[in-house]
Amino acid sequence: MIDLRILREDPERVRASQRARGEDPSAVDAVLAADETRRAAVARFESLRAEQKALGRRIPAAPQEEKADLLARAKELAALVKEAEEAVRSADTALREAALVLSNLVDEAAPRGGEDDFVVLETVGRPPEFDFPPRDHLELGNLLAAIDTERAAKVSGSRFYYLTGVGARLQLALVALAVAQATEAGFIPVIPPVLVRPPAMEGTGFLGQAAENVFHLEKDDFYLVGTSEVSLAAYHMDEILDVASLPRRYLGISTCFRREAGSHGKDTRGIIRVHQFDKVEMFSFTTPEESAAEHRRLLEWEKQFLVALEIPFRVIDVASGDLGASAARKFDCEAWIPTQGRYREVTSTSNCTEFQARRLNIRLRDDGGVRPLATLNGTLVAIPRTIVALLENHQRPDGSVYVPPALRDYLGTDILRPGHV
RNA sequence: GGAGGCGUCGCCUAGUGGCCGAUGGCGCCGGUCUUGAAAACCGGUAGGGCGCGAGCCCUCGUGGGUUCAAAUCCCACCGCCUCCGCCA
């Protein structure tokens, strides 16, 4: 949720942000109108209520002959108050609903434009040059008996996979490496719930444009999280955190579920786009003033991890039209995928400023009082895509795969060989 | 699944219809005292909304109801605890 004060004082700024995202700027006027209606309703209710309370206080002490008259008037007032209260409630709801439609204000520094208008910030490492036809990750995964999508299709349908043998161990190794790195940096590892109730999902901003990609358990009204960002953001819901305790950094380790609606036919082969995968996610609660610097730190930690895995990648500054509803700014790390001849997103970090905190009612307390804090998230490792990048970039002509030193202790080998698990 | 109990301001706690937004203690903050500290004493210490302002309004798990008036009575829901059953 954006700051209603900004909306009232500078609605054009909000409209401009909506336009930059390719979203509807007129939603701003709907919120303004709802805000106006609500304030009028509140004023009416409060004056009636004050009158009712004043009158009520006089009743016990009133002389007998006046009592009946006072009671009659009080009764009338009670009806009016009730009606006015009803009006406030519905105006509140209307305002909240209208305000929830608005996405976060885009950071001034974010590039403008759509999906293709990103800015490349840097390129790290060099794509490998093979003197043999490289195999794609699925072929390698099959050779290594590490990935089985055929049986997964039999059991669960398309966009599922089994990680077996060295594949499963690869996941464990990646998670262990991620936890080691992040713990070093002060993150608290967290294994969160992956089924959440509506306020958590809505508060994190995933029930707007992203709603179609969220699994919902109708019967129990649970949502399956698409990222532990949801459970971690909502962890401090309705709390006030002392500014001295910030930043608070959590490392979510969880399974993620995505419907992938609207991406039929895209990435149908292999494990690049799947309904269920595991991910290690960094999440920070910090002050709004610190959020931009924290965002850079999250990006550095993401880079550090990819560098350790010796995966060539580039960093892009995502354009305004391609930001999630909650993000003011977003950096993606895109790994080189040899068989596709291009870079593909493997990690992503967003600065959500106070947007999620307002929706989730998470605030900080400092000398200036109580105010919303900032939340940020960043992927440390999304398992399937990282495995894809790892296998494809480090493959050798015989189908074996080089293991970078950082992973060796966790994996117990410096090379993955077909037929050897 | 059955039976019962509980849910008050960071923590503990008082409060069974009327100046109760709410008692007291702990904790915390400020002050006095002290060379400094402790102790003692004094004061402060929830959040939100409306209004230029004095100020007013809302919130005692949540939502409804009864009443002129509800933290206090009734109902539902949520959460926690105990016992029984069930499953592991």
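Below, chain A is the first sequence line, B the second, and so on; all start at residue 1.
Within the 4.0 angstrom heavy-atom criterion, only backbone atoms of the sugar-phosphate kind lie near A:Arg363; the bases stay farther away. Residue contacts shown for A:Arg58 are absent, as no nucleic acid heavy atom lies under 4.0 Å away. Contacts of A:Arg89 with the nucleic acid, taken as non-hydrogen atoms under 4.0 Å apart, involve only primed sugar atoms and P, OP1 or OP2. Contact annotation for A:Glu76: no contact, since no heavy-atom pair falls under 4.0 Å across all strands.
The distance from atom NE2 of A:His236 to atom C1' of B:rG47 is 18 Å, rounded to the nearest whole Å. One atom, CG of A:Leu364, and another, P of B:rA46, lie 18 Å apart when rounded to the nearest Å. Rounded to an integer number of Å, the gap from A:Leu55 CG to B:rC57 P is 14 Å. Protein atom NZ of A:Lys75 is 9 Å distant from nucleotide atom P of B:rA69, rounded to whole Å. Here B:rG51 presents its P atom at 8 Å from CZ of A:Arg8, a figure rounded to the nearest Å. Summarising the geometry, the separation between CG on A:Leu80 and C1' on B:rC68 is reported as 13 Å, rounded to the nearest angstrom. The CG atom of A:Asp366 sits 21 Å away from the P atom of B:rC28 (whole-angstrom rounding). Distance CZ (A:Arg365) to P (B:rU45): 13 Å, rounded to an integer number of Å.
Remark: B:rA76 base-pairs with B:rU62. Criterion, Watson-Crick or G-U wobble with two distances under 3.5 Å. B:rC26: Watson-Crick or G-U partner is B:rG10, with both key distances under 3.5 Å. Across all strands shown, B:rA88 remains unpaired; no Watson-Crick or G-U wobble contact has both distances below 3.5 Å. The pairing partner recorded for B:rA3 is B:rU82, the criterion being a Watson-Crick or G-U wobble arrangement whose two distances lie under 3.5 angstrom. In a base pair of the Watson-Crick type (N1 to N3 plus N6-O4 or O6-N4) or a G-U wobble (N1-O2 and O6-N3), with each distance short of 3.5 Å, B:rG53 is matched with no nucleotide. Figure legend. B:rA71 is base-paired to no nucleotide; pairs are counted as Watson-Crick or G-U wobble with both atom distances under 3.5 Å. The nucleotide B:rA40 finds its pairing partner in B:rU32, both defining distances of the Watson-Crick or G-U wobble pair being shorter than 3.5 Å. The pairing partner recorded for B:rC19 is none, the criterion being a Watson-Crick or G-U wobble arrangement whose two distances lie under 3.5 angstrom.
Counting only distance, with no hydrogens or angles, the side chain of A:Glu345 and the backbone of A:Asp332 share no donor-acceptor pair below 3.5 Å. Under the 3.5 Å distance criterion, the side-chain polar atoms of A:Arg259 are left unmatched by any main-chain donor or acceptor of A:Phe215. For the pair A:Arg96 (side chain) and A:Ala94 (backbone), a donor-acceptor distance under 3.5 Å is absent.
Within 6.0 Å of CD1 in A:Ile6 there are more than 12 heavy atoms belonging to other residues, nucleotides or ligands. Within a 6.0 Å sphere centred on CG of A:Asp117, heavy atoms belonging to other residues, nucleotides or ligands number more than 12. Crowding of A:Glu150 atom CD: a count of heavy atoms from other residues, nucleotides or ligands under 6.0 Å not exceeding 12.
For A:Arg38, whose side chain is taken as the heavy atoms from C-beta onward, the closest listed nucleotide among B:rG49, B:rG47, B:rC58 is B:rG49. For A:Ala78, the listed nucleotide lying nearest its side chain is B:rC68; candidates were B:rC50, B:rC68, B:rC57.
Between the side chain of A:Glu46 and the base of B:rG49 there is at least one donor-acceptor pair of N/O atoms closer than 3.5 Å.
The phosphate of B:rC56 has neither OP1 nor OP2 within less than 4.0 Å of any side-chain N or O from A:Lys53. The phosphate of B:rC58 (OP1 or OP2) has a side-chain N or O of A:Arg49 nearer than 4.0 angstrom. Contact annotation: A:Gln52 side-chain N/O to B:rA69 OP1/OP2 distance is under 4.0 Å. Applying the 4.0 Å criterion to OP1 and OP2 of B:rG51, one finds that A:Arg39 has a side-chain N or O inside that range. Note on A:Lys82: a side-chain N or O is less than 4.0 Å away from OP1 or OP2 of B:rG65.
Both A:Glu86 and A:Arg197 lie close to RNA chain B; mapped to their nearest nucleotides by heavy-atom distance, the more 5′-ward contact belongs to A:Glu86. In this structure, A:Val370 and A:Ser47 both approach RNA chain B, and ranking their closest nucleotides by distance from the 5' end singles out A:Val370.
Here, B:rC9 and B:rU72 have their P atoms 15 Å apart, quoted to the whole Å. B:rG43 and B:rG25 have their P atoms separated by 11 Å, with the value rounded to a whole Å. Rounded to the nearest Å, the gap between the C1' atom of B:rG85 and that of B:rA76 is 26 Å. The gap from the C1' atom of B:rC56 to that of B:rC6 amounts to 35 Å, rounded to the nearest Å. Between B:rG79 and B:rC68, the two P atoms lie 35 Å apart (nearest whole Å). The same atom, C1', is picked in B:rC33 and in B:rA40; the two are 9 Å apart, to the nearest Å. When the P atom is compared between B:rC29 and B:rA69, the two are found 44 Å apart, to the nearest whole Å. Look at the C1' atom in both B:rU62 and B:rC52: the space between them is 36 Å, to the nearest Å.
Using a 3.5 Å distance cut-off with no hydrogens or angles, the side chains of A:Glu281 and A:Ser228 do not pair a donor with an acceptor.
A side-chain hydrogen bond (donor to acceptor under 3.5 Å, both in side chains) with A:Lys279 is found for exactly one of A:Thr227, A:Thr386, A:Thr379, namely A:Thr227.
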